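First listed ligand is number 1; within each ligand, the first listed atom is number 1. The structure displayed is predicted, hence computed values, not measured ones.
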Amino acid sequence: MMRLDKYLSEMGEGTRSEVKKYIRQGMVTVDGVPAKKPEEKVDETCQTVCINGRKIGYEKFEYYMLNKPQGVVSATVDNHDKTVVELIESRRQKDLFPVGRLDKDTEGLLLITNDGETAHRLLAPNKHVDKVYYAKIQGRVTEETVRKFSEGLNIGRDEFAKPSKLHILKADEKSEIELTIQEGKFHQVKRMFHAVGMEVIYLKRLSMGTLVLDPSLKPGEYRPLEVNEVKKLC
Ligand code: URA
């Protein structure tokens, strides 16, 4: 049970004082009965609340696909930098967080949600969820690099990157590649290229499991997941 005014403002229907006004003006009904007081309690799981006849749905979980821009940190709060959660202006719940981390200078797909169970499933190493990255590399990526990546690499600090799939899109002084990994170690892609004497100069995540970055989203843009995208994730 929760206060009606709190419920309505958490659902994004206005500030606490705005929704109090709606209630006092008789615009709000609970199970068809006009509500009288903002402090009235509602059971958000089974009662029907409407504003001017429009049903307000209580959705426990929110899911957003963000094309993370460079310069923003994968955190919920930060003293110095803007966070990915702060980019989600339409968020309704206060407990959103990014599923995994992308470095400050990495772009691309980031799922922002408050569904801890789904996040855990996507990140758990034993679930082997594919993460696909596009990268520009300083130096010529060769079939030898592909072979080394397919065998797994020592990436330093006593850590080992498991065998991965490297696909060369362009091999030149600056190369372009697509890399599929199932892990999410700190700076993993950069450290994998470092291990073969190369440097990542641009990195973007394209997909994570069934979730594929919507190509219409520019860096910094986001959209709620579609119902079928959520179903596949969950
Ligand atoms: N690997 C990296 O090095 N950085 C990222 O942001 C993601 C994967």
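- Among pairs with a residue in residues 105-125, those fulfilling salt bridge (Lys or Arg N to Asp or Glu O under 4.0 Å) read Asp105-Lys190, at least two apart in sequence or across chains.
- Sequence neighbours left out, the pairs with a member in residues 144-198 that pass ring-ring contact (aromatic ring centres under 6.0 Å, His included) are Phe149-Phe193.
- Protein residues are said to neighbour a ligand when one of their heavy atoms lies under 4.0 Å from it; for ligand 1 these are Leu102, Asp103, Thr106, Tyr133, His187, Gln188, Val189, Lys190, Leu203.
- Scored by the ring-ring contact (aromatic ring centres under 6.0 Å, His included) test, Tyr222 finds Tyr64 as partners (sequence neighbours excluded).
- A donor-acceptor pair under 3.5 Å links the side-chain atoms of Asp78 to the main chain of His80, judged by distance alone.
- If you check the side chains of Tyr134 and Glu176, you find a donor sitting under 3.5 Å from an acceptor.
- No donor-acceptor contact under 3.5 angstrom links the side chains of Asn67 and Glu221, judged on distance only.
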